[in-house]
Amino acid sequence: MSSSSLHPMLNVAIKAARAAGAIINRAALDVESVRVAQKQVNDFVTEVDQAAERMIIETLLGAYPDHGILGEESGNEFGNKNSDFVWIIDPLDGTTNFIHGFPVYAVSIALSFKGKIEHAVVYDPSRNDLFTATRGRGAFLNERRIRVSKRTQLKDCLVSTGFPFRPGDNFRAYMRMFSEITQRTAGVRRPGAAALDLAYVAAGFTDGFFETGLSIWDVAAGSLLVTEAGGLVGNFTGEADFLEQAECLAGNPRAYGQLVGILGKYSKFAGVQDKLGVDADIAADNKDEASEGND
């Protein structure tokens with residue numbers, strides 16, 4: 001799909017993502033000199049995140065001054081707060097990877113209109129991989145059409161995830177999920193950038209993805225890539241209205257259905273019986289650990 005046939009708003013998003021990627025690539029040449037601040041435990045922001053976000057906002061508002069902006073670093077302090085058009089941006093998803101020189105991070109830009117994602121760009125600057133989607137027009141990697149994988153058996157599936165890393169996250173519940181998925185699949189990966197995890201599901205590089213604690217800018221663009229590539233995305237119980245629920249599950253349709261069967265009981269939207277079962281299991285784990293500690 002050539003750039004001339006793309007929607008003009010998607011073209012502007014691509015321009016913004018590539019400009020931000022150039023800033024990130026320059027900084028990656030000397031990552032030791034990048035200034036880093038800590039937002040909270042294990043949650044970092046760099047001067048590169050901020051410079052990339054400024055570049056994206058200038059590019060988008062230069063083309064569409066009346067649009068709204070929702071950015072990871074700036075919130076909604078830029079743009080028109082009352083616009084039906086809102087750009088949802090994560091200038092550097094995978095900051096912790098970037099700080100360490102681990103080359104798995106991406107720029108994520110989505111445009112929502114009246115709450116629905118219409119255009120999406122996820123750009124991996126270290127590989128120069130450009131994932132794009134427009135609602136109803138399919139998903140693409142470097143202008144080549146992409147589709148989710150065709151694997152139907154969970155035992156053959158490769159699933160990516162993200163570990164909870166903030167204070168207050170329910171790590172025990174996560175470890176139970178991780179254990180169940182690991183034993184039923186061909187493998188679990190934790191690359192460290194949710195936007196790319198979703199793009200990889202769309203491209204069929206992985207068959208599924210699950211993570212809790214995500215913000216809308218982590219998943220907005222990637223979720224449209226998945227659905228436009230023929231996949232499904234929602235919360236752990238399989239409901240599609242997940243963008244602001246901090247719970248994301250994606251996959252090809254067959255893998256997705258099976259993952260909902262495993263992860264649904266861990267959802268904060270699960271039924272009371274499911275929740276009680278999980279709580280009892282975690283309490284039993286805690287008791288076992290305590291008795292081992294007393295041995």
How long is the straight-line distance from OG1 of Thr134 back to CD1 of Ile117, given to the nearest 0.5 Å?
12.0 Å
Honestly curious: do Val219 and Leu196 fall in one hydrophobic cluster under the side-chain, below-4.5 Å linking rule?
no
Given Phe163 and Thr161, is the side chain to side chain contact (heavy atoms under 4.5 Å, CB included) satisfied, shown in steps?
CA-CA 7 Å; Phe163 304 139; Thr161 188; 4.2 Å; yes
Pairwise distance OG(Ser126) to CZ(Phe102) - rounded to 0.5 angstrom
10.0 Å
Any sub-3.5 Å donor-acceptor pair from Asp207's side-chain atoms to Val159's backbone N or O?
no
Look at the side chain of Asn97 and the backbone N and O of Val104, then say whether any donor-acceptor pair between them is shorter than 3.5 Å.
yes
With heavy-atom distances below 4.5 Å as the criterion, would you say the side chains of Pro191 and Tyr200 are in contact?
no
Check ring-ring contact (aromatic ring centres under 6.0 Å, His included) between Phe78 and all other residues, then give those that pass, not counting sequence neighbours.
none
Residue Lys150 excluded, over 12 heavy atoms near NZ under 6.0 Å
no
Separation between NZ of Lys114 and CG of Asp84, rounded to the nearest 0.5 Å:
5.0 Å
Taking the side chain as every heavy atom from C-beta outward, state whether Tyr123 and Asn128 have any atom pair closer than 4.5 Å.
yes
Side chain to side chain contact (heavy atoms under 4.5 Å, CB included) for Phe205 and Leu141? Distances and angles first, verdict last.
CA-CA 12 Å; Phe205 302 160; Leu141 166 54; 3.8 Å; yes
Who passes side chain to side chain donor-acceptor pair (under 3.5 Å) against Gln183, sequence neighbours left out?
Ser179
Is the shortest side-chain heavy-atom distance between Leu70 and Ser112 below 4.5 Å?
no
Measure the shortest side-chain to side-chain distance between Leu263 and Ile181 over non-hydrogen atoms and say whether it is less than 4.5 angstrom.
yes
Under 3.5 Å side-chain donor-acceptor pair for Glu247 and Ser267
yes
Rounded to the nearest 0.5 Å, what separation is found between the SG atom of Cys157 and the CG atom of Leu259?
7.5 Å
Report the residue from Val260, Asn235, Leu232 that forms a side chain to side chain contact (heavy atoms under 4.5 Å, CB included) with Leu249.
Val260
Verify the cluster assignment for Trp217 and Phe242: are they in a single hydrophobic cluster under the rule of side-chain heavy atoms below 4.5 Å apart?
yes
Assess whether a salt bridge exists between Asp156 and Arg151, defined as any Lys/Arg side-chain N lying under 4.0 Å from an Asp/Glu carboxylate O.
no
Heavy-atom closest pair, residues Ala246 and Lys268:
CB-NZ, 3.9 Å
Would Val201 and Val233 satisfy side chain to side chain contact (heavy atoms under 4.5 Å, CB included), going step by step from the backbone distance to the final call?
CA-CA 10 Å; Val201 170; Val233 60; over 6 Å; no
Would a distance-only check, ignoring hydrogens and angles, find a side-chain to backbone donor-acceptor pair under 3.5 Å from Asp93 to Ala194?
yes
Of all heavy-atom pairs between Glu72 and Pro91, which one has the smallest distance, and what is that distance?
CB-CD, 4.4 Å
Counting C-beta onward and ignoring hydrogens, is there a side-chain heavy-atom pair between Glu73 and Val45 closer than 4.5 Å?
yes
Between Asp49 and Thr95: side-chain donor-acceptor atoms closer than 3.5 Å:
yes
Thr237 OG1 to Gln245 CD distance, which is reported to the nearest 0.5 Å
7.5 Å
Going through the checks in order, is the side chain to side chain contact (heavy atoms under 4.5 Å, CB included) test met by Glu180 and Lys265?
CA-CA 12 Å; Glu180 286 204 48; Lys265 61 182 176 287; 3.1 Å; yes
Minimum side-chain heavy-atom gap Leu61-Ile69 below 4.5 Å
yes
Using the rule that two of Ile, Leu, Val, Met, Phe, Trp, Tyr join whenever any of their side-chain heavy atoms come within less than 4.5 Å, decide whether Leu130 and Leu225 are in one cluster.
no
Of all heavy-atom pairs between Phe209 and Gly162, which one has the smallest distance, and what is that distance?
CE1-N, 4.5 Å
Please answer: with hydrophobic residues joined when any side-chain heavy atoms are less than 4.5 Å apart, are Ile14 and Tyr64 in the same cluster?
yes
Does the Ser83 side chain pair with the main chain of Asn80, one donor and one acceptor, at a distance under 3.5 Å?
no
Look at the rings of His119 and His7 and say which category their plane angle falls in: under 30° parallel, 30 to 60° tilted, over 60° perpendicular.
tilted
Student check: side-chain heavy atoms of Leu154 and Ile262 closer than 4.5 Å
yes
In Å and rounded to the nearest 0.5 Å, what is the CG to CG distance from Leu243 to Asp241?
7.5 Å
If only atom types and distance count, is the side chain of Lys81 paired as donor or acceptor with the main-chain N or O of Asn76 below 3.5 Å?
yes
Contact summary for Ala110 and Ala221, nearest pair of heavy atoms:
CB-N, 3.6 Å
Would you find a donor on one side and an acceptor on the other, under 3.5 Å apart, between the side chain of Glu228 and the backbone of Thr132?
no
Shortest non-hydrogen contact between Phe131 and Ala203, atoms and distance
CE2-CB, 4.1 Å
Over all atoms of both residues, closest heavy-atom pair of Met177 and Phe210
CB-CE1, 4.3 Å
Of the options Ile24, Ile89, Leu92, which is the one that meets Val107 in a side chain to side chain contact (heavy atoms under 4.5 Å, CB included)?
Ile24
With hydrophobic residues grouped by side-chain heavy-atom distances under 4.5 Å, do Val122 and Ile109 end up in a single group?
no
Within the 4.5 Å heavy-atom criterion, are Ile99 and Val34 side-chain neighbours or not?
no
Do other residues, nucleotides or ligands put more than 12 heavy atoms under 6.0 Å from the CD atom of Glu244?
no
Check the angle between the aromatic planes of Phe85 and His67 and answer parallel, tilted or perpendicular using the 30° and 60° thresholds.
parallel
